[in-house]
Amino acid sequence: MTTTFDSKATLETILNHRSIRKFRDQPIDPTTFELLIQAAMAGSSSGFLQSASIIRVTEPALRADIRRICADAQQAKDGEKYGHPYVERCAELLIFCMDNHRHQTLVPTAQIDWTEVTLVGAIDSAIMAQNLLLAAESMGLGGVYLGSIRNDISRMGALLKLPQGVVPLFGMALGYPDQDPAMRPRLPMAVVLSTNHYQPADKAALDTYNQTVADYYQARGQSHADWVQTIESYLDKPVRPDVLTYLNRQGYAKR
């Protein structure tokens with residue numbers, strides 16, 4: 001029997017994705033929320049290990065603590081004490097975790113310290129989250145990923161009371177959109193897609209794309225922003241150097 005749901009077509013949903021950071025004050029009804037979790041759980045899983053879990057954060061005080069981690073002490077605009085207000089205000093705040101704790105419960109000798117197991121858990125978590133977000137967008141919801149929970153990954157783990165074998169990888173703020181942002185321009189297909197063997201990106205194509213991104217930001221009042229600046233701001237300094245230590249402490253990526 002085929003079940004139908006009130007949702008947009010798959011390609012229409014995917015090709016119109018935008019990150020949403022402002023939400024209406026409207027809850028997600030329990031039936032819709034359950035469908036979204038079912039969509040997440042229906043995603044592919046490496047080796048059928050199902051190495052991912054979701055933590056739903058509803059306590060206001062806990063959301064406030066998570067917001068502080070995400071904001072990373074940056075001063076916000078518009079009179080906000082600090083940034084990332086949507087972490088507290090979204091209808092649903094979800095934390096996606098790599099989870100091999102249940103495997104060790106059933107098989108105490110399970111070797112989760114291999115780097116490959118870390119990759120499997122990260123991939124399973126990402127597939128689960130993308131399934132959920134696409135389902136949500138098809139039903140008129142919107143959301144934004146929160147890699148910023150890793151600004152203090154040890155603190156996040158403590159807040160969520162995570163046992164060994166569980167690692168908080170990223171969050172998702174979810175709700176009904178109260179904004180309609182423009183889509184950010186993606187890399188040209190010729191730069192992303194290779195055939196049979198890896199083809200290094202053409203420098204001229206990258207320069208053209210960088211100008212496309214600069215024009216996008218210019219139209220939004222950010223006159224000195226482009227893709228090169230994005231790369232430099234993220235990769236021209238240590239990138240969350242405490243993550244590996246936390247992974248090791250939780251039993252991962254030791255060999």
A.B. asks: Quick one: pull up CD1 in I149 and CG in L160 and give me the separation to the nearest 0.5 Å.
C.D. replies: 7.5 Å
A.B. asks: For a 4.5 angstrom cut-off between non-hydrogen side-chain atoms, does L162 reach P168?
C.D. replies: yes
A.B. asks: Looking only at side-chain N and O atoms, does Q211 offer a donor or acceptor that is under 3.5 Å from a partner on D215?
C.D. replies: yes
A.B. asks: If you count heavy atoms of other groups shown closer than 6.0 angstrom to CD of Q26, is the number above 12?
C.D. replies: yes
A.B. asks: With rounding to the nearest 0.5 angstrom, report the CG to OH distance, D113 to Y252.
C.D. replies: 10.5 Å
A.B. asks: Linking I/L/V/M/F/W/Y whenever their side-chain heavy atoms sit closer than 4.5 Å, directly or via other members, would F96 and V120 fall into one cluster?
C.D. replies: no
A.B. asks: For the residue pair D242 and T245, confirm or rule out a side-chain donor-acceptor distance under 3.5 Å.
C.D. replies: no
A.B. asks: Can you tell me how the ring of W227 sits relative to the ring of Y209, calling it parallel under 30°, perpendicular over 60° and tilted otherwise?
C.D. replies: perpendicular
A.B. asks: Hey, are R24 and D178 close enough for a salt bridge, meaning a charged N less than 4.0 Å from a carboxylate O?
C.D. replies: no
A.B. asks: Please report the closest heavy-atom contact between A110 and Q104, naming both atoms and the distance.
C.D. replies: O-NE2, 3.8 Å
A.B. asks: If I take atom NE2 from residue H224 and atom OH from residue Y217, how far apart are they, to the nearest 0.5 angstrom?
C.D. replies: 14.5 Å
A.B. asks: Looking only at heavy atoms, what is the nearest atom pair of A39 and A135, with distance?
C.D. replies: CB-CB, 3.8 Å
A.B. asks: If you count heavy atoms of other groups shown closer than 6.0 angstrom to CG of D29, is the number above 12?
C.D. replies: yes
A.B. asks: Quick check against the 3.5 Å criterion: does E92 have a side-chain atom that pairs as donor or acceptor with the backbone of G175?
C.D. replies: no
A.B. asks: Answer yes or no: is there a side-chain heavy-atom contact under 4.5 Å between L146 and F170?
C.D. replies: no
A.B. asks: What pair of heavy atoms forms the shortest contact from Y246 to V166, and how long is it?
C.D. replies: OH-O, 3.9 Å
A.B. asks: Mind checking whether I66 and V243 sit in one hydrophobic cluster, side chains of I, L, V, M, F, W, Y counted as touching below 4.5 Å?
C.D. replies: yes
A.B. asks: Using modelled atom types and a 3.5 Å cut-off, is there a donor and acceptor pairing between side-chain atoms of Q164 and backbone atoms of R249?
C.D. replies: yes
A.B. asks: Check whether the side chains of S45 and D124 place a donor and an acceptor atom closer than 3.5 Å, and report yes or no.
C.D. replies: yes
A.B. asks: Does E116 form a side chain to side chain contact (heavy atoms under 4.5 Å, CB included) with R255? I'd like the steps, not just the answer.
C.D. replies: CA-CA 9 Å; E116 171 64 12; R255 50 179 171 165; over 6 Å; no
A.B. asks: Is any side-chain heavy atom of H103 closer than 4.5 Å to one of I112?
C.D. replies: no
A.B. asks: Side-chain heavy atoms nearer than 4.5 Å, only ILVMFWY residues, links allowed to pass through others: does that put M41 and L133 together?
C.D. replies: yes
A.B. asks: State, yes or no, whether a side-chain contact exists between R63 and E59 at a heavy-atom distance under 4.5 Å.
C.D. replies: no
A.B. asks: Which atoms form the tightest heavy-atom contact between L134 and T13, and what is the distance?
C.D. replies: O-CG2, 3.4 Å
A.B. asks: How far apart are the C-alpha atoms of M156 and I95, what are their side-chain angles, what is the distance that settles it, and do they pass the side chain to side chain contact (heavy atoms under 4.5 Å, CB included) test?
C.D. replies: CA-CA 10 Å; M156 275 298 305; I95 308 297; 4.2 Å; yes
A.B. asks: Is the CE atom of M183 crowded by more than 12 outside heavy atoms at less than 6.0 Å?
C.D. replies: yes
A.B. asks: Any chance you could lay out the side chain to side chain contact (heavy atoms under 4.5 Å, CB included) test for R240 and S148, step after step, and finish with the verdict?
C.D. replies: CA-CA 10 Å; R240 296 174 180 140; S148 52; 4.3 Å; yes
A.B. asks: Will you find, in the side chains of S53 and R102, an N or O donor that is under 3.5 Å from an N or O acceptor?
C.D. replies: yes
A.B. asks: Side chains of R56 and L93: does their closest heavy-atom pair fall under 4.5 Å?
C.D. replies: no
A.B. asks: Check whether T208 reaches the backbone of A204 with its side chain - one donor and one acceptor, N or O, closer than 3.5 Å.
C.D. replies: yes
A.B. asks: Test salt bridge (Lys or Arg N to Asp or Glu O under 4.0 Å) on D180 and R18 and set out the steps.
C.D. replies: CA-CA 8 Å; D180 186 22; R18 282 86 50 80; 2.9 Å; yes
A.B. asks: Got a second to check how far H101's NE2 is from L106's CG, nearest 0.5 Å?
C.D. replies: 10.0 Å
A.B. asks: Using the rule that two of Ile, Leu, Val, Met, Phe, Trp, Tyr join whenever any of their side-chain heavy atoms come within less than 4.5 Å, decide whether L206 and L235 are in one cluster.
C.D. replies: yes
A.B. asks: Answer yes or no for R67 and Y86: cation-pi contact, defined as NZ/CZ to six-membered ring centre under 6.0 Å and angle to ring axis within 45°.
C.D. replies: no
A.B. asks: Could you give all pairs that pass the side chain to side chain donor-acceptor pair (under 3.5 Å) test and reach residues 134-145, with sequence neighbours left out?
C.D. replies: H17-E137, Q130-Y145
A.B. asks: Indicate yes or no: at least one non-hydrogen side-chain atom of C90 is less than 4.5 angstrom from one of M172.
C.D. replies: no
A.B. asks: Write down the atom of R155, the atom of I69, and the distance for their closest heavy-atom approach.
C.D. replies: CG-CD1, 3.4 Å
A.B. asks: Evaluate the criterion side chain to side chain contact (heavy atoms under 4.5 Å, CB included) for residue pair I153 and V167; output intermediate values, then yes/no.
C.D. replies: CA-CA 8 Å; I153 193 169; V167 173; 4.0 Å; yes
A.B. asks: With a 4.5 Å cut-off on side-chain heavy-atom distances among I, L, V, M, F, W and Y, is there a chain of contacts connecting L169 to V87?
C.D. replies: yes
A.B. asks: Can you find a heavy atom in the side chain of L36 that is under 4.5 Å from one in the side chain of M139?
C.D. replies: yes
A.B. asks: Quick one: are Q111 and V117 in side-chain contact, heavy atoms under 4.5 Å?
C.D. replies: no
A.B. asks: Closest heavy-atom contact between L174 and A136?
C.D. replies: CD1-CB, 3.8 Å
A.B. asks: Scan side-chain atoms only and decide if S19 and R184 contain a donor-acceptor pair under the 3.5 Å cut-off.
C.D. replies: no
A.B. asks: Rounded at 0.5 Å granularity, tell me how far CD in Q250 sits from CG in N100.
C.D. replies: 11.5 Å
A.B. asks: From L119 CG over to S51 OG, what is the distance, rounded to the nearest 0.5 angstrom?
C.D. replies: 11.5 Å
